[in-house]
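What follows is a single structure, written as structure tokens, with notes after it.
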Amino acid sequence: MREPDPNALVAVAAARKRLVEARDLEALAVYRLNLQASIMAISPLTRDVANSLGVSLDEVAAMLRPFDAPASARRLIDRPRLHSARKGNPSVSPLGLMRASDLQISRRIAREGVVLDIDGRYGRFGVVPDQGSLAAAGWLGNSWFCTAGGTAHLLLGGEMPETMIAAVPGRMIGEIIDHPVLRGLDYPVKRVVRLPDDAGVVISFETGLIPYEMPWAILLEREIERSS
């Protein structure tokens, strides 16, 4: 019986690889078309944090991949674990008191978004497409934040007196938090929630949304012309 030609097997394997690569490229193109058509806005905080890290939003957008793409780089965003200030209780997840949608966004960044290495430190900043905008999560110094639509949440570790918690809502986040990204910003604080066992507080503030266009307008225009 005739033996398989090794050269033929190599050629078939190469053809299969080309087919997979072509499918991946087509899937990426369709994914980007969808983002271009659906992403209309971002939180200005997402823009400000990216700028502070020396990363453009277009660069971040170029790293986004379809959810079913190879997951070799889909590591978790670095979320904090805070120890209770009382009796050495186990650490408390700061997201526990945030809305379920905010928790979902943070988890989705690891599955569907981009998590960046910043100055050799992984998990400090990430973004993910979310309901017509790009949601973000990451770190501002030692404080963890996430955005959801026109609202942002900032986790501060440690205790905060009740009098201060009561006085913060209505003030501007830039008056309360001394960080280069937030300093002077007039985003009003909506609420402050204490975490269990004085592990910290979550400050929620309104950023609103600003227009943002993904960087593939020409691709979408060509596709529209082709479909006409």
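Residues: numbered from 1 along the sequence shown.
- Note that CG of Leu219 and CG of Leu35 are 11.5 Å apart. Values are rounded to the nearest 0.5 Å.
- With hydrophobic clusters built from ILVMFWY side chains whose heavy atoms lie under 4.5 angstrom apart, Val192 shares a cluster with Leu185.
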(request) Apply the test side-chain contact (heavy atoms from CB on, under 4.5 Å) to residues Ile176 and Met172: give CA-CA distance (whole Å), side-chain angles for both, the deciding distance (0.1 Å), then the verdict. (result) CA-CA 7 Å; Ile176 302 166; Met172 302 302 162; over 6 Å; no

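- Side-chain atoms of Arg32 come within 3.5 Å of backbone atoms of Ala62 as a donor-acceptor pair (strictly under, hydrogens ignored).
- Val20 places none of its side-chain heavy atoms less than 4.5 Å from the side chain of Arg16.
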Please report, to 0.1 Å, the donor-acceptor pairs under 3.5 Å made by any side chain of residues 37-52, with sequence neighbours excluded.
| from | atom 1 | to | atom 2 | distance (Å) |
| --- | --- | --- | --- | --- |
| Ser38 | OG | Asn34 | O | 2.7 |
| Ser43 | OG | Leu45 | N | 3.1 |
| Ser43 | OG | Thr207 | OG1 | 3.1 |
| Asn51 | ND2 | Arg47 | O | 3.4 |
| Ser52 | OG | Val49 | O | 2.7 |

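- Residue Leu9 qualifies as enclosed at atom CG: its count of foreign heavy atoms under 6.0 Å is above 12.
- Criterion: ILVMFWY side-chain heavy atoms under 4.5 Å apart, direct or through other members. Under it, Leu220 and Leu64 are part of a common hydrophobic cluster.
- Taking Pro161 as the reference, Thr163, Met164 meet the side-chain contact (heavy atoms from CB on, under 4.5 Å) condition, with sequence neighbours excluded.
- Considering only heavy atoms from C-beta on, Ile203 comes within 4.5 Å of Ile173 through its side chain.
- In this view, Arg171 and Glu175 satisfy the salt bridge (Lys or Arg N to Asp or Glu O under 4.0 Å) rule, not counting sequence neighbours.
- Between the side chain of Glu206 and the backbone N or O of Tyr187 there is no donor-acceptor pair closer than 3.5 Å.
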Please tabulate, one pair per line, all N/O donor-acceptor pairs under 3.5 Å involving side-chain atoms of residues 53-61, not counting sequence neighbours.
| from | atom 1 | to | atom 2 | distance (Å) |
| --- | --- | --- | --- | --- |
| Ser56 | OG | Glu59 | N | 3.0 |
| Ser56 | OG | Glu59 | OE1 | 3.3 |
| Asp58 | OD1 | Tyr212 | OH | 2.8 |
| Glu59 | OE1 | Ser56 | N | 2.9 |

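- Comment: Glu162 engages Arg194 in a salt bridge, judged by a side-chain N to carboxylate O separation of less than 4.0 angstrom.
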(message) Please evaluate residues Leu154 and Leu182 with respect to the criterion side-chain contact (heavy atoms from CB on, under 4.5 Å), reporting the C-alpha separation (whole Å), side-chain torsions for both, the decisive distance (0.1 Å), and the verdict.
(response) CA-CA 11 Å; Leu154 186 69; Leu182 300 176; 4.0 Å; yes

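- Proximity of Gln36 to Glu213: side-chain heavy atoms (C-beta onward) are separated by under 4.5 Å at one or more points.
- Transitive grouping of hydrophobic side chains (ILVMFWY, heavy atoms separated by less than 4.5 Å) keeps Val30 and Met63 in distinct clusters.
- Among pairs with a residue in residues 215-228, those fulfilling salt bridge (Lys or Arg N to Asp or Glu O under 4.0 Å) read Glu223-Arg226, at least two apart in sequence or across chains.
- Under the side-chain contact (heavy atoms from CB on, under 4.5 Å) criterion, Asp5 pairs with Asn7, Ala8, not counting sequence neighbours.
- The backbone N or O of Ile224 lies less than 3.5 Å from no partner atom in the side chain of Ser227, so there is not a single donor-acceptor pair.
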